[in-house]
Amino acid sequence: MSSEVYAVKISVDSASSTATTSGEHFGAVVCVFADNNIDGNRTLSSITDSNGMDILGNATLAAISASSGTAQYEQTELGGTAVAGAITVTTTDSAGSSGNLDVYVYIAP
C-alpha cells in the first residue's frame with residue numbers, strides 16, 4: 001500500500017454550481033487548491049464527502065477572481081479534516097459563460 005499524497009481533480013463548469021467525483025476517496029486531506037478558469041468570479045461554499053463532512057473546515061473563504069485567480073487552503077486552515085467517499089464541490093454561484101473552476105483535493109491515504 002502506497003502512502004504517497006495524490007490529487008483528485010473536480011471541475012465545476014461555468015453553468016453549474018456543483019460537481020461530484022465519480023470515484024470514492026479515503027484519507028487525510030493535506031491541501032485544497034482551486035484554479036478559476038471561468039470568466040466570472042467564484043467562491044467555494046463547501047467541499048463535502050459522502051458522509052457530509054465539510055473538508056474546508058475552518059478555512060476563510062473568499063471570491064476567486066475571474067479567469068486567473070487561485071486559492072490554496074493548507075491543512076492547518078482546514079482543521080485537520082479527512083475524506084471518505086465521493087467528493088462534492090459546491091460554489092456560491094454559477095457566474096460566467098465558459099470555462100471551469102478546477103479544484104484539486106490532495107489526499108494522504
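- Taking a 4.5 Å side-chain heavy-atom cut-off between Ile, Leu, Val, Met, Phe, Trp and Tyr, the cluster of L78 extends to Y6, V8, I10, V12, V29, V32, I38, L44, I47, I55, L56, L61, I64, Y73, V83, I87, V89, L101, V103, V105, I107.
- Across all their heavy atoms, A86 and T20 have their closest contact at CB-CG2, 4.1 Å.
- Nearest heavy atoms, C31 versus Q72: SG-CG, 3.7 Å.
- Across all their heavy atoms, A7 and Y106 have their closest contact at CB-CE2, 3.5 Å.
- Residues D102 and N37 bring a donor and an acceptor atom of their side chains to less than 3.5 Å of each other.
- There is a path of hydrophobic side-chain contacts, each under 4.5 Å, that joins V5 to F33.
- Taking every heavy atom of both residues into account, R42 and T91 meet most closely at NH1-OG1, 3.3 Å.
- The side chain to side chain donor-acceptor pair (under 3.5 Å) analysis of residues 45-66, with sequence neighbours excluded, yields no pairs.
- Not counting sequence neighbours, the partners of S98 by the side chain to side chain contact (heavy atoms under 4.5 Å, CB included) test are D39.
- Using a 3.5 Å distance cut-off with no hydrogens or angles, the side chains of Q75 and E77 do not pair a donor with an acceptor.
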